[in-house]
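Predicted, not measured: the structure shown is a model, and the values here were computed from it.
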Amino acid sequence: MTARRAALRRRPGAPAPRAAGAVAARAAGLAAVVAAGAAATGLLRRPTGAPVPVVTPRGQTVPLAGSGLYRYDSVFTAAGNTAVDAVVLALGVPLVITAWQQHRAGSPRGSLLLTGAFGYLLYVYATYAVGVAYNPLFLAYVTLTATALWGLAAAAAATDRAALAVAAADPAVPHRALSWFLLAAAATTAAVWTPPLVTALLEGRPPDLLEGATTPVTHALDLAVVTPAAALAGLLVRRRDPRGYLLAAPLLVLIAMLLPTIGVSTALQAAAGISFTVPEVVGPVAGFGVLGLVGAGLLRRLLRAVPTRLTTTLPAPAG
């Protein structure tokens with residue numbers, strides 16, 4: 001059998017390609033360094049001056065932050081960006097480093113966790129690259145988007161399919177609950193974002209909270225990427241397909257990060273003078289808090305089911 005034919009016939013229990021694992025490891029190191037620098041810069045250069053009101057091309061008056069890294073973003077958006085920077089620096093970067101170390105040690109669990117870390121950074125910095133008003137860190141956002149995207153692909157390729165099959169067959173994993181949670185997350189995201197967009201379209205006005213942005217970037221990413229990915233992962237997990245668990249990891253990390261992000265965002269936006277009603281504060285914090293806690297619990301159960309080492313392999317195919 002030639003080397004090419006042997007590679008094509010590599011059985012599911014065989015070690016993942018070293019090339020993909022090496023790419024994922026290098027990408028993780030680069031992502032950790034650049035993300036830490038970008039997040040720290042956002043925190044050190046947070047808005048401190050008085051807001052600057054401007055009139056948008058649509059005739060809306062919007063207060064811009066007026067100072068700091070996010071000076072050309074609205075006060076609401078700048079406070080939210082600062083909150084994301086805090087979560088990335090406090091939780092996101094340590095997650096990447098932890099997963100990176102486990103992945104380099106040859107742990108399938110570490111490789112799966114690394115897909116989750118890359119998925120989170122990809123969502124954050126794709127949003128920054130296309131949704132944050134241009135600032136001196138634009139190239140850093142582009143670098144992080146590219147690094148997280150290809151790092152995610154490499155980490156997914158390097159995650160041992162036999163290890164995922166072990167998790168798919170583990171009775172300790174709440175497979176049905178995980179499937180329903182992912183399907184519910186997809187349905188909830190679509191239900192939350194779609195009606196306001198349709199209403200704005202029918203009424204001939206821009207969506208609420210668009211402010212100084214040109215388009216609702218978060219809505220686009222959530223509806224075009226997150227919603228179908230969560231639905232597909234839920235369906236695959238329902239069938240105990242190992243690919244569903246691989247797809248679920250980045251989604252669960254992203255959902256788990258909602259709780260600290262929403263909590264810090266709300267606090268910083270209130271401190272910046274944004275007024276909220278009690279339902280507006282309690283509703284999102286409580287709702288996303290429950291989602292985040294459940295998502296974190298399911299992620300923990302899934303990771304515990306993925307072995308750190310494979311002690312058995314599937315038999316080689318005949319011939």
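Ring pair W193/H219 is tilted by interplanar angle, where 30° to 60° counts as tilted.
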Practice task
Any chance you could lay out the side-chain contact (heavy atoms from CB on, under 4.5 Å) test for Y125 and T147, step after step, and finish with the verdict?
Solution key: CA-CA 10 Å; Y125 288 106; T147 302; over 6 Å; no
Exercise for the section: Could you give me the CA-CA distance, side-chain angles and deciding distance for H175 and W180, then say whether side-chain contact (heavy atoms from CB on, under 4.5 Å) is met? Expected result: CA-CA 9 Å; H175 304 280; W180 277 115; over 6 Å; no
Practice task
Begin from the C-alpha positions of L178 and R301 and carry the test side-chain contact (heavy atoms from CB on, under 4.5 Å) through to its verdict.
Solution key: CA-CA 10 Å; L178 176 57; R301 299 281 293 275; over 6 Å; no
Practice task
Just do the side-chain contact (heavy atoms from CB on, under 4.5 Å) check on R238 and R176 with the steps written out, would you?
Solution key: CA-CA 6 Å; R238 181 172 292 273; R176 190 173 183 83; 3.7 Å; yes
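Linking Ile, Leu, Val, Met, Phe, Trp and Tyr whenever their side-chain heavy atoms come within less than 4.5 Å puts V124 and V217 in one cluster. With hydrophobic clusters built from ILVMFWY side chains whose heavy atoms lie under 4.5 angstrom apart, V87 shares a cluster with I97. Side-chain heavy atoms closer than 4.5 Å link hydrophobic residues (I, L, V, M, F, W, Y) into clusters, and following such links, even through other members, never connects L144 to L114. Side-chain heavy atoms closer than 4.5 Å link hydrophobic residues (I, L, V, M, F, W, Y) into clusters, and following such links, possibly through other members, connects L298 to V226. Clustering ILVMFWY residues whenever any of their side-chain heavy atoms sit less than 4.5 angstrom apart, transitively, puts Y120 in the very cluster that holds V93.
Formation of a donor-acceptor pair under 3.5 Å by the S67 side chain with backbone atoms of G49 is found in this model. Judged purely by atom type and a 3.5 angstrom limit, D73 uses its side chain to pair as donor or acceptor with the backbone of A133.
Between P108 and H103, every side-chain heavy-atom pair lies at or beyond the 4.5 Å cut-off. Counting only heavy atoms from C-beta outward, the side chains of V306 and V166 never approach each other to under 4.5 Å. By the 4.5 Å heavy-atom criterion applied to side chains, V294 and F181 are counted as neighbours. Proximity of R71 to R45: side-chain heavy atoms (C-beta onward) are separated by under 4.5 Å at one or more points. The closest side-chain heavy-atom distance from P63 to V52 is not below 4.5 Å. The closest side-chain heavy-atom distance from Q102 to T308 is not below 4.5 Å. You'll find the side chain of Y72 stays beyond 4.5 Å of the side chain of T77, heavy atoms only. Inter-residue side-chain proximity for L137 and L69 is flagged as met; some heavy-atom pair is nearer than 4.5 Å.
At least one test fails for R26 against the ring of W100: distance under 6.0 Å to the centre or angle within 45° of the axis.
Separation of atoms CG (L235) and OG (S179) is listed at 6.5 Å; rounding is to 0.5 Å. Separating the CG atom in L221 from the OG1 atom in T189 is a distance of 12.0 Å, to the nearest 0.5 Å. Rounding to the nearest 0.5 Å gives a distance of 10.0 Å between CG of L246 and CG of L236. Taken from CG in D222 to OG1 in T127, the straight-line distance is 7.5 Å, to the nearest 0.5 Å. In this structure, CE in M257 is found 5.0 Å from CG in L95, a value given to the nearest 0.5 Å. From T82, atom OG1 reaches atom CD of Q269 across 9.5 Å, with rounding to the nearest 0.5 Å.
Inspection of the N135 and Y128 side chains reveals no N or O donor paired with an N or O acceptor under 3.5 Å. In summary, the side chains of D85 and Y70 do present a donor paired with an acceptor at a separation below 3.5 Å, with no hydrogens or angles considered.
Of the candidates V62, T56, V55, T56 is the only one forming a side-chain contact (heavy atoms from CB on, under 4.5 Å) with R58. Each of L197, V192, T218 was compared with L223 under the side-chain contact (heavy atoms from CB on, under 4.5 Å) criterion, and only L197 meets it.
Among all heavy-atom pairs drawn from P216 and L210, the shortest one is N-CD1, 3.7 Å. Smallest separation of non-hydrogen atoms from F118 and A155: CD1-CB, 4.2 Å. When all heavy atoms of A156 and R161 are compared, the closest pair comes out as O-NH1, 2.9 Å. The minimum heavy-atom distance between A35 and L121, with the atom names listed, is CB-CD2, 4.5 Å. Across A190 and P195, no two heavy atoms sit closer than the pair O-CD, 3.8 Å. Nearest heavy-atom pair, A305 versus V173, reported as atom, atom and distance to 0.1 Å: CB-CG2, 3.2 Å.
For R239, the CZ atom is loosely surrounded, since the number of other residues' heavy atoms within 6.0 Å does not exceed 12. For R104, the CZ atom sits in a loose shell: 12 or fewer heavy atoms of surrounding residues, nucleotides or ligands are nearer than 6.0 Å.
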